[in-house]
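All remarks here apply to the structure that follows.
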Amino acid sequence: MARAMYEYTKTVLKKVSFSNDLFCKELEKALVRLLPHEVKELAIWLKHYVQNKPELRSSLTLIRN
């Protein structure tokens, strides 16, 4: 159960990846809800996920503090 929110966030982000706007909105919500160590994990996942999706690369700026 501890990783449920993190896994749910990844699922949601994958489902809305067709729209950069939705993707960024969901990412912003996740950054507020996740624990600090989960945000770090999400940042790593995000870098790999958007590697071949140039339309989503702008979302990387949201995760950098």
Side-chain angles (χ1 to χ4, degrees):
M1 181 75 180
R3 295 183 51 85
M5 189 55 119
Y6 171 73
E7 293 299 328
Y8 174 74
T9 297
K10 289 191 332 185
T11 301
V12 169
L13 289 173
K14 288 176 187 176
K15 287 184 180 183
V16 299
S17 64
F18 65 90
S19 166
N20 185 50
D21 290 337
L22 280 175
F23 192 85
C24 288
K25 284 181 185 178
E26 289 298 329
L27 181 58
E28 286 173 347
K29 285 196 256 182
L31 295 175
V32 171
R33 293 183 177 141
L34 293 176
L35 298 172
H37 71 278
E38 291 173 324
V39 170
K40 289 179 184 177
E41 280 186 59
L42 186 65
I44 295 167
W45 175 84
L46 188 64
K47 287 176 188 172
H48 291 285
Y49 187 72
V50 302
Q51 195 168 20
N52 294 323
K53 296 174 179 57
E55 67 278 6
L56 298 177
R57 288 192 187 142
S58 65
S59 64
L60 290 174
T61 60
L62 296 174
I63 217 155
R64 295 187 182 130
N65 296 330

So do the side chains of Phe23 and Leu62 get within less than 4.5 Å of each other, counting heavy atoms only? no
Closest non-hydrogen atom pair between Glu55 and Asn20, with its separation: O-OD1, 3.2 Å
Is there a chain of hydrophobic side chains (I, L, V, M, F, W, Y, each step under 4.5 Å between heavy atoms) that links Leu22 to Val32? no
In this structure, are over 12 heavy atoms from other groups packed under 6.0 Å from Lys53 atom NZ? yes
Please round to the nearest 0.5 Å and tell me the distance separating atom CZ of Arg3 and atom CG of Leu35. 11.0 Å
Gap between atom CG of Leu42 and atom OH of Tyr6 - 0.5 Å precision: 6.0 Å
If you round to the nearest 0.5 Å, how far is CD of Glu28 from OG of Ser59? 10.5 Å
What's the separation between atom NZ in Lys40 and atom CD1 in Ile63, rounded to the nearest 0.5 Å? 12.0 Å
For the pair Thr61 (side chain) and Ser58 (backbone), establish whether a donor and an acceptor sit closer than 3.5 Å, ignoring hydrogens and angles. yes
Looking at every heavy atom in both Leu60 and Lys47, which two are closest together, and how far apart are they? CD2-CG, 3.9 Å
Heavy-atom pair of closest approach, residues Lys14 and Trp45: CE-CZ2, 3.7 Å
If you take all heavy atoms of Met5 and Arg33, which pair is closest and at what distance? CE-CD, 3.9 Å
State yes or no: do Leu31 and Ile44 share one hydrophobic cluster built from I, L, V, M, F, W and Y residues joined by side-chain heavy-atom distances below 4.5 Å, directly or via other members? no
Roughly how far, to the nearest 0.5 Å, is the NZ atom of Lys10 from the CD atom of Glu41? 8.0 Å
Taken to the nearest 0.5 Å, the spacing of Lys29 NZ from Leu13 CG works out to 10.0 Å
